[in-house]
2 protein chains.
Amino acid sequence: MSTIYDVAELAGVSAKTVSRVLNDDPAVKGPTRDRVRDAMTRLDYRPNSQARSLRRGDNKSVGMLLEDPAGGYQGRFHHAMLVASMETRNHLAIELFTPGRSDFPREDIAHFVADAQIKAMVLLPPLCDYGPLKSFLKDQGIHCVLISPTTPDDHYPSVNMDDRKAARDVTDYLLSLGHRRIAHIAGHPDHAAAFLRRQGFNEAFDAAGRPRPAKDYVAEGLFNFKSGIEAAEKLLSLKERPTAIFAANDEMAAATCSVAHKMGLRIPEDLSVVGFDDAPIASAVWPALTTVRQPYLDMAKRTLQILNAAGDAPHRSDVQERHIIAHELVIRESTGPAPAV
Amino acid sequence: MSTIYDVAELAGVSAKTVSRVLNDDPAVKGPTRDRVRDAMTRLDYRPNSQARSLRRGDNKSVGMLLEDPAGGYQGRFHHAMLVASMETRNHLAIELFTPGRSDFPREDIAHFVADAQIKAMVLLPPLCDYGPLKSFLKDQGIHCVLISPTTPDDHYPSVNMDDRKAARDVTDYLLSLGHRRIAHIAGHPDHAAAFLRRQGFNEAFDAAGRPRPAKDYVAEGLFNFKSGIEAAEKLLSLKERPTAIFAANDEMAAATCSVAHKMGLRIPEDLSVVGFDDAPIASAVWPALTTVRQPYLDMAKRTLQILNAAGDAPHRSDVQERHIIAHELVIRESTGPAPAV
DNA sequence: ATGAAAAATGTCATCGATGTCATTTTGTGA
DNA sequence: TCACAAAATGACATCGATGACATTTTTCAT
């Protein structure tokens with residue numbers, strides 16, 4: 001590997017001048033700059049990032065604690081962060097957080113932060129609501145961004161999507177298709193998102209000046225396939241059978257489709273189904289699900305913007321910084337006009 | 001952040017001595033060592049890893065190129081690598097490889113390697129068989145380990161599981177349960193693993209001194225659910241219906257279960273089904289699938305062992321280094337004794 | 001008790017880049 | 001043409017750790 005000195009020698013300048021070229025210092029002009037550039041190319045020179053950040057004292061690594069880097073929400077957000085950090089040239093360091101093991105692996109985390117020279121940390125649900133972890137990081141003076149936390153935090157900014165609004169959009173859409181008998185399969189009661197989605201669902205009726213669906217039109221699910229099956233069976237065997245079902249996530253929506261098919265109902269002719277998340281399963285099932293796309297990539301990009309900008313202005317702890325990223329209603333084949341009565 | 005000098009001052013020794021304690025140099029003894037240790041604790045000192053590897057010139061970062069860090073095989077291996085690298089205290093750096101974009105992102109990869117100070121790279125299928133990438137890395141002098149490559153490489157060691165043997169184990173097991181009409185759903189013809197699994201399947205019959213299954217007992221699949229459905233439908237409508245089906249992966253095995261159920265066959269009473277991979281779907285379906293567990297974690301551990309040992313002895317290019325990691329047959333509820341005729 | 005070997009610790013330079021400040025070169029107006 | 005400010009470049013110290021080598025302290029045989 002060639003160093004800045006090799007380049008300097010080849011270009012016939014001092015190392016400092018090479019450094020200036022590297023950092024786009026406007027002081028270096030014309031022919032000198034070109035000679036240096038040329039030498040860098042010829043030697044296939046790459047700056048040593050360790051030496052660089054040792055001297056500068058700064059650091060571009062962003063850390064992320066994950067329980068399951070490959071699965072579900074975390075997996076999809078992880079992917080988005082990787083894409084986003086390629087663009088911003090941030091380095092993303094992943095650490096597994098295994099809550100099972102010992103009470104709270106402070107030592108591991110401290111080690112991780114020091115070892116990977118972490119500048120800041122990204123916390124996803126449910127970790128972003130885990131008090132001991134947050135206060136530990138606060139003590140260590142580590143900046144964080146929280147992704148869709150249940151409770152906002154005074155010290156750290158958060159990046160969210162608007163679950164309530166998204167659920168309302170879904171419901172508005174179903175209403176606009178002429179549906180009047182619209183049921184909801186709610187998510188796990190421990191998740192704030194489940195609550196907000198249900199709220200948005202109800203709100204749409206209020207705004208449209210229609211009565212909210214009867215109590216038996218809202219079934220309790222747990223965000224998984226199995227609970228979706230049970231909820232759908234309950235809803236679809238009501239004497240006033242709904243013409244549309246909005247499930248709080250795609251897995252339960254897929255379960256709903258499967259129950260409907262078993263009962264001989266056609267989708268979307270007899271029943272419209274909407275999911276939430278735009279998880280892989282949403283396009284894998286037939287018919288492909290109408291759903292809400294979680295704006296993972298935009299959330300990841302914003303997260304990095306926040307982190308890269310941090311330090312420019314000190315954080316004001318009297319302002320809660322909540323970033324709301326726009327979602328998108330993805331209309332596929334599982335929804336259609338309400339059946340004629 | 002405190003430095004080695006702060007510790008030295010507090011302990012009343014020189015920085016070098018602190019360094020010695022850090023590196024477990026046996027030269028430092030008794031009270032001195034204790035004083036230093038104590039000072040480190042009091043200051044919550046963490047060595048600066050950048051300074052350290054700048055000086056040492058070595059580096060513990062292991063790079064991994066992934067197309068989809070969250071999905072399928074790559075996602076599971078990624079997870080295993082994260083677990084394994086926590087133990088060995090290696091840092092794992094992930095870079096997305098998006099073959100779609102431009103012909104071949106040499107510049108991105110070179111940048112990644114330099115920027116993350118990569119010591120070595122781990123390549124998964126199908127990247128580990130991608131010639132241009134491998135020769136590029138060779139030119140850059142980067143050490144690699146290939147995971148389950150289709151064709152072994154003279155320059156780089158590989159870590160594999162024995163697909164042939166595993167398939168044979170599955171088939172032996174089915175034979176031992178008394179099954180005689182055993183069918184196979186093969187995998188995607190482009191994958192070496194598909195070929196090897198089919199080979200192992202056949203071999204079991206040879207070894208048992210039985211005739212190999214008729215040609216129509218081997219259906220061609222593509223490793224996905226849909227192709228599994230079609231293959232299973234074909235196999236289960238043969239007049240001599242098989243009593244056991246060994247699918248080359250779990251998705252196709254799950255598809256087989258679903259077809260069997262639709263036809264009113266009970267599993268395992270009427271039909272035994274075996275998958276391969278022990279993917280999440282294997283335990284998600286009912287009944288849970290008997291399958292072969294890919295030894296992801298052991299493979300990941302071995303990979304890091306190889307990389308951490310590399311450099312101790314130079315690589316001999318006349319020896320192909322192939323590491324075979326033991327798999328495991330996971331017996332669940334989808335297999336049982338052959339039905340009485 | 002004494003000297004030499006062994007053990008413990010310290011000094012200084014160094015890894016590759018960049019900040020500070022000094023020096024050289026260039027450009028400008030009289 | 002010359003003085004002098006401005007622009008371009010360079011010399012040197014530095015970030016935090018460790019290697020090479022020097023120095024001090026201990027140990028032990030005689």
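In this text the structure is predicted, and so the values were computed from the model without any measurement. Note on naming: letters A, B, ... go to the chains in the order of the sequence lines (proteins, then strands), and numbering restarts at 1 for each one.
Across C:dG10, C:dT18, C:dC21, the shortest atom-to-atom separation from the side chain of B:S14 is found for C:dG10. Of the candidate nucleotides D:dA17, C:dG16, D:dT9, D:dA17 has the atom nearest to the side chain of B:A51. Residue B:R20 has its side chain nearest to D:dA20 when only D:dA20, C:dT18, C:dA17 are considered. Residue B:V13 places its side chain closer to C:dG10 than to any other of C:dA17, D:dG16, C:dG10. Nearest to the side-chain atoms of A:P47 among the listed nucleotides C:dT20, C:dT18, C:dA17 stands C:dA17. With C:dG10, D:dT9, D:dC15 as the choices, the nucleotide that has an atom nearest any side-chain atom of A:L54 turns out to be D:dC15.
Across the interface with DNA chain D, nearest-nucleotide mapping of A:T32 and B:Y5 shows A:T32 to be the residue nearer the 5′ end. Taking the nucleotide of DNA chain D with the nearest heavy atom to each of B:Q50 and B:K16, the more 5' of the two is matched to B:Q50.
Side chain to side chain, A:T17 and A:S14 meet the donor-acceptor criterion of an N or O pair below 3.5 Å. Neither side chain, A:D115 nor B:S49, offers a donor N or O lying under 3.5 Å from an acceptor on the other.
Dashed line: the shortest gap from a side-chain N or O of B:R52 to OP1 or OP2 of D:dG16 is not under 4.0 Å. At C:dA17, none of the side-chain N or O atoms of A:S19 fall inside 4.0 Å of OP1 or OP2 (strictly under the cut-off). Taking side-chain N and O atoms only, A:N48 has no distance below 4.0 Å to OP1 or OP2 of C:dC15.
If you measure from atom CG of A:L43 to atom P of C:dA17, you get 12 Å, rounded to the nearest angstrom. Going from atom CZ of B:R33 over to atom C1' of C:dA8 covers 12 Å, rounded to whole Å. Rounded to an integer number of Å, the gap from B:D58 CG to D:dA17 P is 15 Å. Here the P atom of nucleotide C:dA8 and the CG atom of B:D34 are 14 Å apart, to the nearest Å. Across the protein-nucleic acid pair, B:I4 atom CD1 and D:dG19 atom C1' stand 13 Å apart, rounded to whole Å. Taking atom CZ of A:R56 as the reference point, atom C1' of C:dT20 lies 16 Å away to the nearest angstrom. Going from atom CE of A:M40 over to atom P of C:dG16 covers 17 Å, rounded to whole Å. Here the P atom of nucleotide D:dA20 and the CG atom of B:N23 are 13 Å apart, to the nearest Å.
Between A:H91 and B:H91, a ring centre-to-centre spacing shorter than 6.0 Å is recorded. Note: A:H78 and B:H78 meet the aromatic proximity criterion, with ring centroids under 6.0 Å apart.
Counting non-hydrogen atoms of other residues, nucleotides and ligands closer than 6.0 Å to CD of A:Q140 gives a total above 12.
At a threshold of 4.0 Å, the pair A:D298-A:R302 does not count as salt-bridged, since none of the basic side-chain nitrogens sits closer than that to a carboxylate oxygen.
A:R55 comes within 4.0 angstrom of a base, heavy atoms only. Heavy atoms of B:V18 sit nowhere under 4.0 angstrom from any nucleic acid atom.
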